[in-house]
Amino acid sequence: MASKPGILTEWPWTWLGNFKYVVLAPFVGRSIQSLLNREDGSKIDIGYLIIFPFLLFRMLHNQIWISLSRYRTAKGDNRILDKTIEFDQVDRERNWDDQILLNGLLFYYGYMKLEQSHYLPIWRSDGIILTTLLHIGPVEFLYYWLHRALHHHFLYSRYHSHHHSSIVTEPITSVIHPFAEHIAYFLLFSIPLLTTVLTKTASIVSFGGYITYIDFMNNMGHCNFEIIPKWMFSTFPPLKYLMYTPSYHSLHHTQFRTNYSLFMPIYDYIYGTLDKSSDTLYEKSLERQGKSPDVVHLTHLTTPESIYHLRLGFASFASEPYTSKWYFWLMWPITLWSMMVTWIYGHTFTVERNVFKNLNLQTWAIPKYRVQVTTTTIY
């Protein structure tokens, strides 16, 4: 929560708890009904039908980034900020999917209100080019100044300080904002989307690709390990003005008054807000090697569903005693896939790393389930 919460800080469905997903039910039901009630030979509106599957894809995309980030930071290689994540941050960031629900509601609403959004084609080159230009120009420029405004003490204390409570960032830190702040971001990112719809140049690829690009860059910028290789900037030097790195944005979370840009650092260069240590931190992060542990806690999986209780997966499960959920049955395809991966991989992997004063402690998991372990050896 922000230090001085302003109006529209809480999400409208907070009181629903885990039942918040029902807010999408009427819209999803209506889209399915439109498919079932269509007349013979009538054209299917693919764009309308894939809104809900696309929201599920975005959740999966985010979860992959979460698991990858926690695994990489647990190993320690290329880690940017070498500090552990506090428990209150894990609790504060549990509602990372709220912004996906909000986007889903607004997408459905926009479809109902804008006739031009019906029956979008799969691909249109002019719409993709227009979306790209509008992002590089108005979106990046307006975001830069909106971000600087959010760091003014009045707005910062009421809204943006909630996001900056996370010094050691995770991918989902990127979307942890008060409700009102997310409304502002949606209006900003909707500039390319609405423009292409109203000019009838929009396509399913331009919509889905642009939103996926935003999710990818947001997650990458907050993952707390350096992922961008040096050869990319060596091959194309101007790229440093067009794409930020995780270490570049990490400095914004530690210094607060530098590196305001969204994904393109060019505006920090133009307006003199570039952190002078950006290049140094980038190179140090690429070279950083994980420290060898002083103590290792060796463990193994129990049931197939126990994979979801690893901190690499769902933090909400990992923070509670092991229990089976009814919706795990719906996830059996993923569960079986994870069992195959662990069987093929076959090597111990690091799941968590903590530092107690000067003692480096790591938790290693053996990718074997209880039924696969025939004997137990105690050292």
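In this structure, Tyr282 has its ring center under 6.0 Å from that of Phe233. Between Trp145 and Tyr271, the gap from one ring centroid to the other is short of 6.0 Å. Centroid-to-centroid, the aromatic rings of Phe19 and Trp13 stay 6.0 Å apart or farther.
Annotation for Thr348 and Ile366: closest pair OG1-CG1, 4.1 Å, computed over non-hydrogen atoms. Pairing each heavy atom of Ser285 with each of Glu226, the nearest pair is CB-CB, 3.7 Å. Heavy-atom minimum distance, Met264 versus Leu242: CG-O, 3.1 Å. In terms of heavy atoms, Leu187 sits closest to Ser190 at O-OG, 2.8 Å. Looking at every heavy atom in both residues, Met243 comes nearest to Ile228 through CE-CG2, 3.9 Å. Listed here is the closest heavy atom pair of Ser117 and Tyr111: OG-CA, 3.3 Å.
A distance of 9.5 Å separates NZ of Lys276 from CG of Leu274, quoted to the nearest 0.5 Å. Atom CG of Leu120 is separated from atom CD1 of Ile46 by 10.0 Å, given to the nearest 0.5 angstrom. In this structure, His153 NE2 and Arg158 CZ are separated by 9.0 Å, a value rounded to the nearest 0.5 Å. Atoms CZ and CZ, on Phe27 and Phe107 in that order, are 13.5 Å from each other to the nearest 0.5 Å. Between Leu24 atom CG and Leu102 atom CG the span is 10.0 Å, to the nearest 0.5 Å. Between Arg72 atom CZ and Asn78 atom CG the span is 5.0 Å, to the nearest 0.5 Å.
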| query | Passes side-chain contact (heavy atoms from CB on, under 4.5 Å), Thr73 versus Arg353? Steps please. | reply | CA-CA 8 Å; Thr73 53; Arg353 182 168 73 101; over 6 Å; no
| Can you list the steps and then say if His160 with Leu155 is a side-chain contact (heavy atoms from CB on, under 4.5 Å)? | CA-CA 7 Å; His160 202 54; Leu155 292 177; over 6 Å; no
| Stepwise side-chain contact (heavy atoms from CB on, under 4.5 Å) check, Tyr244 with Met220 | CA-CA 9 Å; Tyr244 74 170; Met220 184 193 74; 3.9 Å; yes
| task | Carefully, step by step, assess Glu10 and Phe179 under the rule side-chain contact (heavy atoms from CB on, under 4.5 Å). | result | CA-CA 6 Å; Glu10 289 286 347; Phe179 176 66; over 6 Å; no
| query | Where do Glu93 and Thr173 land on the side-chain hydrogen bond (donor to acceptor under 3.5 Å, both in side chains) test, with the steps shown first? | reply | CA-CA 7 Å; Glu93 296 182 348; Thr173 304; 2.7 Å; yes
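No side-chain donor from either of Asn224 and Thr169 sits under 3.5 Å from a side-chain acceptor of the other. A donor-acceptor contact under 3.5 angstrom links the side chains of Asn259 and Ser278, judged on distance only. A donor-acceptor contact closer than 3.5 angstrom links the side chains of Tyr185 and Glu181. No side-chain N or O of Asp126 forms a donor-acceptor pair with one of Thr201 less than 3.5 Å apart. Using a 3.5 Å distance cut-off with no hydrogens or angles, the side chains of Ser165 and Gln89 do not pair a donor with an acceptor. If you check the side chains of Thr273 and Tyr144, you find a donor sitting under 3.5 Å from an acceptor. Residues Glu170 and Ser69 bring no donor and acceptor atom of their side chains to less than 3.5 Å of each other. A donor-acceptor contact closer than 3.5 angstrom links the side chains of Ser166 and Arg92.
Residues Leu262 and Tyr267 are not in side-chain contact: their nearest non-hydrogen atoms beyond the backbone lie 4.5 Å or more apart. Residues Asp77 and Arg288 form no side-chain contact, since every pair of their non-hydrogen atoms from C-beta on lies 4.5 Å or further apart. Under the 4.5 Å side-chain criterion, counting only non-hydrogen atoms from C-beta, Leu114 is in contact with Leu194. At least one side-chain heavy atom of Asn219 sits under 4.5 Å from a side-chain heavy atom of Ser174. Counting only heavy atoms from C-beta outward, the side chains of Ile32 and Phe52 never approach each other to under 4.5 Å. Annotation: side chain of His177 is not in contact with side chain of Tyr159 (no heavy-atom distance under 4.5 Å). Residues Tyr108 and Tyr48 meet the side-chain proximity criterion, which asks for heavy atoms closer than 4.5 Å.
Annotation for Ile7: atom CD1 does not count as buried by contact number, only 12 or fewer foreign heavy atoms lying within 6.0 Å. The environment of Arg148 atom CZ is dense: over 12 non-hydrogen atoms of other residues, nucleotides or ligands sit within 6.0 angstrom.
The aromatic rings of His182 and Trp11 lie tilted to each other, with the angle between the two planes from 30° to 60°. In this pair, Tyr156 and His151 present their aromatic rings tilted. The plane angle is within the 30 to 60° band. Below 30°, between 30° and 60°, or above 60°: for His249 and His163 the angle between ring planes is between 30° and 60°, a tilted geometry. Ring pair Tyr210/His135 is perpendicular by interplanar angle, where above 60° counts as perpendicular and below 30° as parallel. Ring pair His164/Phe256 is tilted by interplanar angle, where 30° to 60° counts as tilted.
At a threshold of 4.5 Å between side-chain heavy atoms, the hydrophobic network of Ile, Leu, Val, Met, Phe, Trp and Tyr places Phe189 and Ile129 in two separate groups. In terms of hydrophobic clustering, with Ile, Leu, Val, Met, Phe, Trp and Tyr side chains grouped at heavy-atom distances under 4.5 Å, Tyr269 and Leu251 are assigned to different clusters. Cluster annotation: Tyr119 and Leu198 are assigned to distinct hydrophobic clusters (Ile/Leu/Val/Met/Phe/Trp/Tyr, side-chain heavy-atom contacts under 4.5 Å, transitive). The hydrophobic clustering, which links ILVMFWY residues whose side-chain heavy atoms are closer than 4.5 Å, places Ile270 and Ile136 together. Criterion: ILVMFWY side-chain heavy atoms under 4.5 Å apart, direct or through other members. Under it, Leu193 and Phe141 are part of a common hydrophobic cluster.
Checking side-chain atoms of Asp215 against main-chain N and O of Asn62 turns up no donor-acceptor pair under 3.5 Å. A donor-acceptor pair is defined here as one N or O able to donate and one able to accept, closer than 3.5 Å; such a pair exists between the side chain of Thr199 and the backbone of Thr195. Side chain of Thr212 to main chain of Gly209: no donor-acceptor pair is present (N/O by atom type, distance under 3.5 Å, no hydrogens or angles).
Of the options Leu133, Thr131, Leu188, a side-chain contact (heavy atoms from CB on, under 4.5 Å) to Val139 is made by Leu188 and by none of the others. No option in Leu35, Asn37, Leu36 other than Asn37 meets the side-chain contact (heavy atoms from CB on, under 4.5 Å) test with Gln33.
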